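All values derive from a computational prediction rather than experimental measurement. The residues of the chain are indexed from 1 along the displayed sequence.
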Amino acid sequence: VLRQSSGMDNIGGMSIGLLVSFTICWIFIYLTIFKGVASSGKVVYVTVILPYVVLVAFLIRSLTLPNAGVGLKFFLVPDFSKILQPMVWIRAANQIFYSIGVGFGVTITMASYGDRKDNFVGNAVKVACINSGTSFLAGFVVFPILGYLAHEMSIVNPCITGEDVGQLKSILGLSGSSLAFIAFPIAVSRMPWPFFWSLLFFLMLVSLGIDSQFAAMENVLTVIYDSGVVKKLSKPKLAAIVCSVNWLLGLIFITSGGIYWFNLFDYYSCVIVLFVAALLECVGLMWAKKEAFEGFKIEVLEATGVSIGVILMIMWKFVNPLILLVLCVMSFMTFDLMDAKSSKPYPEGRGYLPQWSIFLGWMLALGPLVAGAVAGFWCRSNDDEASMRLKGSVSAACAHELPTAAPGLWLPPMSAGAIAVAPEVIGTVAPGDDAHQQQQMLAQLTAIVDSANAKQTAELDKKFEAIHEKFDQKIESIDAQIEANDAQTKNDATGPKPASNEPLRHVMYRCGNIFFWFHRHPRY
């Protein structure tokens, strides 16, 4: 199927079958995401449930295969001789980051579409537990089948005894694409009813691949669309552009040398950037600003009723950053991740990898970090420019010239009023004053704005209290009218029953509650 070339430097031709399949998959992904979560949310019911059905079917079959115990032993008994190898921990951490979506922003994007009052704390715990449980369950499916494959290969290959699944690594590989597209299909083809099991297996792979892909694409679309960069494009058009660009970039993966490029991206693209992204999240929440975590705790408590305890605070502030920092350091301990220096051309070896593949791989690994640093510097420059515009506006105000609006600067009404009276309080600032004096003036002006806003808020509170009092009086009046109607009904049982005012009372009560809730929560 792959028509694998001799090495990475030999791209070779393009497989028509892979091109057609690749194009169909991207068309399906577009049809899934072109309306956003409104369309992708319905597809999830199939792409998530189907793999579990297939896993259970394979679990029952795999545990009944010959030599399944050897595979389970290889899965459950650890090899402590490899516990000190850095790549073991890096690959394990990468797997967890990939499967849960930590550092990619996918979980945050999907959660942003949920109900604000939803228990997202509980959802986060459930997702982590379900993910780890599914991985553990998949181990009971994969390794008994590999044990069975080792038994079958021992019949035709004297170098394989059938008592150690690790012996398959030398001829088939036990990770990544080799496991999914070589070892597992060979084992499935030797089972009874091979067509049925092969169909189930690849249907599961397609479901998992599409599920992961449209989640990643939805993340990209949300960031681009919400940033306002493409205001004139509708979401279907933006989805078409993003999917087309990704389809074009992915054509190299379906060439004869595409498997080497696929492995290059697989090994290098997220070797360190995910750890750095998660580390920055911890630092931003726990260390950058003291009030950030306290505000986060309050928001979580208001939205879910869950109070973040000391254990999570310690984990986020100390334990997680330390682990992530160690993983970042360990990522640089192995420079040649794909063993390019010892590679041999296919079929003599697993394929030739030129020396430049190492440097290209690390460019992929460090590229997102450089881009993030540039974006951060650019945002900081914009903040400094906005600050200078603010200082210019303040200087104009202090010269008794109330600015209409500085370019790109929004001033609330109370801020403008405070600026208008600022010269009488803090005096004027000459054009030659230094930056320190302007900073002091800006701090004083901020205090004036806060004081004026507080005064205005107090006056509004008094007005709302008066309205609330009148509202209560109206409710009491309606209650009295209802009681009078009830008394009249009892006295005149034979007469027509008067219309009840209960619906009116209910509507007014609800409207009043909503009105005063929004008054007490102005940020909504």
Side-chain angles (χ1 to χ4, degrees), residues 55 58-59 62-100 102 128-129 131-188 263 266-268 270-272 274-275 319 322-344 349-351 353:
L55 271 181
F58 267 106
L59 175 65
S62 63
L63 293 178
T64 60
L65 291 173
N67 213 41
V70 173
L72 287 176
K73 180 181 178 182
F74 186 83
F75 172 51
L76 297 174
V77 178
D79 184 0
F80 290 102
S81 63
K82 297 183 178 180
I83 202 169
L84 296 179
Q85 296 180 8
M87 281 306 300
V88 172
W89 292 98
I90 292 174
R91 297 298 288 179
N94 272 331
Q95 175 60 33
I96 294 297
F97 273 63
Y98 268 118
S99 56
I100 297 182
V102 179
C129 293
N131 171 77
S132 300
T134 302
S135 300
F136 194 63
L137 174 64
F140 283 93
V141 174
V142 173
F143 286 94
I145 294 178
L146 292 179
Y148 168 73
L149 179 59
H151 171 70
E152 292 291 310
M153 295 296 291
S154 66
I155 300 175
V156 297
N157 191 334
C159 297
I160 298 178
T161 62
E163 298 299 323
D164 184 10
V165 174
Q167 294 173 347
L168 296 175
K169 184 177 181 180
S170 60
I171 58 173
L172 298 176
L174 293 178
S175 63
S177 58
S178 298
L179 176 62
F181 298 107
I182 300 178
F184 215 86
I186 291 176
V188 170
N263 289 330
D266 183 38
Y267 274 85
Y268 285 96
C270 296
V271 66
I272 187 172
L274 294 180
F275 303 145
V319 179
L322 179 61
I323 294 175
L324 292 168
L325 188 61
V326 171
L327 287 172
C328 290
V329 174
M330 292 172 64
S331 299
F332 292 102
M333 295 178 66
T334 304
F335 186 66
D336 186 5
L337 301 182
M338 298 174 61
D339 296 327
K341 295 180 179 179
S342 59
S343 63
K344 296 181 180 179
R350 300 182 65 180
L353 302 173

Does [Y] offer a backbone N or O that forms a donor-acceptor pair with the side chain of [X] under 3.5 Å?
X      : Y      : answer
Ser132 : Cys129 : no
Asn263 : Met338 : no
Gln167 : Thr161 : yes

N/O donor to acceptor pairs below 3.5 angstrom from side-chain atoms of residues 80-88, sequence neighbours left out:
{"residue": "Ser81", "atom": "OG", "partner": "Asp79", "partner atom": "OD1", "Å": "2.6"}
{"residue": "Ser81", "atom": "OG", "partner": "Asp79", "partner atom": "OD2", "Å": "3.3"}

Write out all pairs satisfying salt bridge (charged side-chain N to carboxylate O under 4.0 Å, His left out) with one or both partners inside [range], taking only residues at least two apart or from two chains.
range            : value
residues 142-162 : Glu152-Arg190
residues 326-335 : none
residues 62-78   : none

* Summary of side-chain hydrogen bond (donor to acceptor under 3.5 Å, both in side chains) pairs that have at least one residue in residues 134-150, sequence neighbours excluded ->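 Non-adjacent pairs meeting side-chain hydrogen bond (donor to acceptor under 3.5 Å, both in side chains): Tyr52-Thr134.
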* To do: Please report the shortest heavy-atom distance between Pro144 and Leu72, naming the atom on each side.
  =>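 It is CG-CD2, 3.6 Å.
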* Asked: Taking all atoms of both residues into account, what is the closest heavy-atom pair of Asp266 and Arg91, and its distance?
  ->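 Closest heavy-atom pair between Asp266 and Arg91: OD2-NH2, 3.8 Å.
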Student check: side-chain heavy atoms of [X] and [Y] closer than 4.5 Å:
X      : Y      : value
Tyr98  : Cys270 : yes
Val70  : His151 : no
Ile323 : Leu327 : yes
Trp89  : Val326 : no
Val271 : Thr334 : no
Leu65  : Ile145 : yes

* To do: Only counting residues at least two apart or in another chain, list the ones meeting side-chain hydrogen bond (donor to acceptor under 3.5 Å, both in side chains) with Thr64.
  =>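 Partners of Thr64 under the side-chain hydrogen bond (donor to acceptor under 3.5 Å, both in side chains) test: Arg61.
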* To do: Report the residues that fulfil side-chain hydrogen bond (donor to acceptor under 3.5 Å, both in side chains) with Ser99, sequence neighbours left out, ordered by chain and then residue number.
  =>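 With neighbours one apart ignored, the set is Asn131.
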My understanding is that only residues two or more places apart in sequence, or in another chain, count here; which of them pass side-chain contact (heavy atoms from CB on, under 4.5 Å) with [X]?
X      : result
Phe143 : Phe74, Phe75, Leu146
Ser343 : Tyr352, Leu353
Leu76  : Phe136, Phe140

* From CD1 (Ile160) to CD1 (Ile155), nearest 0.5 Å ->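 One gets 11.0 Å once the value is rounded to the nearest 0.5 Å.
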* For the atom pair CG (Leu137) and CZ (Phe58), what is the distance rounded to the nearest 0.5 Å? ->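 The distance works out to 13.0 Å.
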